[in-house]
Engineer: 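Got a structure for you, written out below as structure tokens; questions coming shortly.
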Amino acid sequence: MDLHVVRRRLEEAEERLSPFAARTSTSRGRRIPEPESPVRTLYQRDRDRIIHTKAFRRLKHKTQVFIAPSGDHFVTRLTHTIEVAQVARTIARALNLNEDLAEAAALGHDIGHGPFGHAGEDALAECLPEGFRHNYQSVRVLDMLEHRGAGLNLAFETLDAVEKSSKTRDDIFAEGWGVPLTLEGQVVKTADAIAYVNHDILDAIRAGPISEHDLPDASQRLLGRSHSERLNTMICDIVEASWAATGAVGGDATPHIQFSPDIAAAANELREFMFRRVYFYEDTLTEAERGKRVVLFLFDHFVRNPEGISPDWSLAYDPVERRAADYVSGMTDHFAIRLARELGCTDAEGWTV
């Protein structure tokens with residue numbers, strides 16, 4: 001049997017997608033050309049490469065919002081990533097877009113997050129002259145650091161979607177760090193916000209800062225009064241409001257992924273509520289500041305002791321500050337706490353890991 005029959009069938013299925021969908025035949029390809037798989041498309045192969053990385057596995061012990069929580073059911077960076085992939089695939093499938101690209105980008109979008117979530121990101125941003133952004137670091141991990149500096153050689157569209165997945169506080173659809181070139185990338189950017197706002201509500205209720213009844217009236221009325229209702233409303237609204245992406249509407253203009261105006265307003269109000277009541281909640285900020293000090297301690301230690309930097313997670317030709325940032329950003333919360341504690345950092349005391 002010629003296994004390339006499988007690949008031809010998969011690529012024929014891609015040709016039946018929306019005219020606005022990404023597909024192997026129109027991809028900008030990989031940085032380094034290589035033979036294609038006989039049984040997987042370009043983006044399916046990207047997805048598989050990301051899943052099999054060490055960086056992906058480490059997401060299970062990286063903070064989403066609450067650092068080193070005592071309960072078993074709090075969201076981690078890994079479970080968040082899986083939820084983003086699920087939401088993105090659902091939306092992409094409904095709009096007849098390329099599910100495989102959406103899934104690959106979703107699985108890779110947070111792979112550059114350091115320990116202690118955005119607190120760790122803020123700490124590393126203070127350490128480097130060029131700053132530090134987890135979306136840019138995700139591209140760096142995928143394209144340069146994995147495989148001891150060889151990278152994964154992913155497709156251009158996958159890396160573009162990862163790089164532009166981050167958002168600003170003011171609006172879910174704000175340009176932020178760029179608009180993805182593909183609709184699948186736009187889907188991932190939106191799916192990220194849908195996923196984290198909703199699962200962070202559950203974590204915040206579990207941890208105590210808020211109750212379900214504290215949520216804004218508009219979100220309860222328009223989005224729903226439970227986790228499943230909110231998710232369903234937001235996903236269905238995205239599909240309906242973005243229906244032009246299917247190519248079934250006609251017209252020459254390239255569509256974009258969007259909410260309807262009322263749902264967009266309610267979603268942004270809910271997101272802003274989470275910033276005020278959860279992300280910037282006093283107890284949350286106290287733990288975040290401790291995490292930030294641990295990251296600063298570790299960065300300073302490895303700048304002064306570069307022989308301790310793992311060669312598996314840094315590039316020998318980079319300045320020592322960049323190498324230290326790469327190494328520390330790759331650490332899980334648990335590893336960073338244990339190591340900092342061993343090195344005498346008092347801020348690492350008191351956490352159970």
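No hydrogens, no waters, no symmetry mates; every other heavy atom, side chains included, goes into these values. For reference, positions follow the sequence shown, starting with 1.
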Engineer: Give a yes or no on whether the backbone of Lys164 and the side-chain of Lys189 come within a donor-acceptor separation of less than 3.5 Å.
Structural biologist: yes
Engineer: Should Leu298 and Leu145 be counted in the same cluster of Ile, Leu, Val, Met, Phe, Trp and Tyr side chains packed under 4.5 Å apart?
Structural biologist: yes
Engineer: Contact between Leu152 and His147 at the side-chain level, heavy atoms closer than 4.5 Å - yes or no?
Structural biologist: yes
Engineer: Evaluate Gln186 against Thr182 for side chain to side chain donor-acceptor pair (under 3.5 Å), listing each step before the verdict.
Structural biologist: CA-CA 7 Å; Gln186 293 180 36; Thr182 62; over 6 Å; no
Engineer: Does some side-chain heavy atom of Glu269 sit less than 4.5 Å from a side-chain heavy atom of Ser219?
Structural biologist: no
Engineer: Restricting to non-hydrogen atoms, name the atom on Arg30 and the atom on Leu154 that form the minimum distance, rounded to 0.1 Å.
Structural biologist: NH1-CA, 3.5 Å
Engineer: Might you point out which heavy atoms bring Leu107 and Ala85 nearest each other, and give the distance in Å?
Structural biologist: CD2-CB, 4.0 Å
Engineer: Output, in order, the C-alpha distance, side-chain angles, deciding distance and verdict of side chain to side chain contact (heavy atoms under 4.5 Å, CB included) for Ile201 and Met274.
Structural biologist: CA-CA 8 Å; Ile201 289 172; Met274 292 297 289; 3.6 Å; yes
Engineer: So how far is it from Ile172 CD1 to Ile257 CD1, rounded to the nearest 0.5 Å?
Structural biologist: 14.0 Å
Engineer: Quick one: does Asn153's side chain have a donor or acceptor within less than 3.5 Å of a partner on Ile32's backbone?
Structural biologist: yes
Engineer: Kindly say whether Val141 contributes a backbone atom to a donor-acceptor pair with the side chain of Glu146 at under 3.5 angstrom?
Structural biologist: no
Engineer: Nearest 0.5 Å please: distance from the CZ atom of Phe132 over to the SG atom of Cys127.
Structural biologist: 10.0 Å
Engineer: Check the side chains of Glu15 and Ser25 for a donor-acceptor pair under 3.5 angstrom, ignoring hydrogens and angles.
Structural biologist: yes
Engineer: Count I, L, V, M, F, W, Y as connected when their side-chain heavy atoms are under 4.5 Å apart, and connections chain through other members. Are Leu215 and Val197 then in the same cluster?
Structural biologist: yes
Engineer: So do Pro115 and Thr63 actually touch side chain to side chain, heavy atoms under 4.5 Å?
Structural biologist: no
Engineer: Between Tyr327 and Phe299 (judged by ring centroids, cut-off 6.0 Å), do the two rings come close enough to count as a pair?
Structural biologist: no
Engineer: One thing to verify: whether Lys292 and Asp122 come together as a salt bridge, which I'm taking to mean a side-chain N less than 4.0 angstrom from a carboxylate O.
Structural biologist: no
Engineer: Quick one: CZ on Arg89 to CG on Asn98, what's the gap to the nearest 0.5 Å?
Structural biologist: 10.5 Å
Engineer: Contact between Asp200 and Val278 at the side-chain level, heavy atoms closer than 4.5 Å - yes or no?
Structural biologist: no
Engineer: Could you grab the distance from atom CD of Glu240 to atom OG of Ser260, nearest 0.5 Å is fine?
Structural biologist: 7.5 Å
Engineer: Evaluate the criterion side chain to side chain contact (heavy atoms under 4.5 Å, CB included) for residue pair Glu157 and Leu181; output intermediate values, then yes/no.
Structural biologist: CA-CA 7 Å; Glu157 294 79 14; Leu181 295 178; over 6 Å; no
Engineer: Please check if Leu202 and Val75 belong to a single hydrophobic cluster, counting links between Ile, Leu, Val, Met, Phe, Trp and Tyr side chain heavy atoms closer than 4.5 Å.
Structural biologist: no
Engineer: Is it the case that more than 12 heavy atoms not belonging to Arg28 sit under 6.0 Å from its CZ atom?
Structural biologist: no
Engineer: Going by atom types only, do Thr79 and Glu83 share a side-chain donor-acceptor pair under 3.5 Å?
Structural biologist: no
Engineer: Can you measure from OG1 (Thr158) to CG (Asp143) and round to the nearest 0.5 angstrom?
Structural biologist: 11.0 Å
Engineer: Would a 4.5 Å heavy-atom cut-off, applied to side chains only, mark Glu229 and Leu223 as touching?
Structural biologist: no
Engineer: Is it true that Glu11 and Arg7 make a salt bridge, defined as a side-chain N closer than 4.0 Å to a carboxylate O?
Structural biologist: yes
Engineer: Hydrophobic clustering (ILVMFWY, side-chain heavy atoms < 4.5 Å, transitive) - are Val87 and Leu183 grouped together?
Structural biologist: yes
Engineer: Can a side-chain donor-acceptor contact be found between Arg23 and Tyr43 if the only test is distance below 3.5 angstrom?
Structural biologist: no
Engineer: If you measure from OH on Tyr279 to CG on Leu285, what distance do you get to the nearest 0.5 Å?
Structural biologist: 13.0 Å
Engineer: Just by distance, do the side chain of Thr332 and the backbone of Phe335 share a donor-acceptor pair under 3.5 Å?
Structural biologist: yes
Engineer: With no hydrogens and no angle check, is any side-chain donor or acceptor of Asp46 less than 3.5 Å from a backbone partner on Ala155?
Structural biologist: yes
Engineer: Under the 6.0 Å and 45° cation-pi test, does Arg322 pair with Trp313?
Structural biologist: no
Engineer: With distance as the sole test, does Thr53 use its side chain to make a donor-acceptor pair with the main-chain N or O of Arg49 at under 3.5 Å?
Structural biologist: no
Engineer: Does the side chain of Gln64 reach to within under 4.5 Å of the side chain of Thr76, using non-hydrogen atoms?
Structural biologist: no
Engineer: Is there a path from Val84 to Trp177 through hydrophobic residues (I, L, V, M, F, W, Y) whose side chains come within less than 4.5 Å of each other?
Structural biologist: no
Engineer: Would a distance-only check, ignoring hydrogens and angles, find a side-chain to backbone donor-acceptor pair under 3.5 Å from Thr233 to Gly224?
Structural biologist: no
Engineer: Under 3.5 Å, is there a donor-acceptor pair linking the side chains of Ser166 and Arg133?
Structural biologist: yes
Engineer: Are His113 and His118 close enough that their ring centers fall under 6.0 Å?
Structural biologist: yes
Engineer: Under 4.0 Å between a Lys/Arg side-chain N and an Asp/Glu carboxylate O for Glu212 and Arg230?
Structural biologist: yes
Engineer: Using atom types as modelled and distance alone, determine if a side-chain donor or acceptor of Arg341 lies under 3.5 Å from a backbone N or O of Ala348.
Structural biologist: yes
Engineer: Are the ring centres of His80 and His109 closer than 6.0 Å?
Structural biologist: yes
Engineer: Do we see a donor-acceptor contact under 3.5 Å between the side chains of Gln137 and Ser329?
Structural biologist: yes
Engineer: Would you check if Phe116 and Ile337 make a side-chain contact, meaning some heavy-atom pair closer than 4.5 Å?
Structural biologist: yes
Engineer: Does Asp318 come within less than 4.0 Å of Arg140, counting only side-chain N to carboxylate O?
Structural biologist: yes
Engineer: Let's go through Leu124 and Val295 carefully: what are the C-alpha distance in whole Å and the side-chain angles of both, what is the deciding distance for side chain to side chain contact (heavy atoms under 4.5 Å, CB included) to 0.1 Å, and is it a yes or a no?
Structural biologist: CA-CA 7 Å; Leu124 289 169; Val295 169; 3.8 Å; yes
Engineer: Does NZ or CZ of Arg323 lie under 6.0 Å from the centre of the six-membered ring of Phe302, at an angle within 45° of the ring axis?
Structural biologist: no
Engineer: Within the 4.5 Å heavy-atom criterion, are Phe156 and Leu42 side-chain neighbours or not?
Structural biologist: no
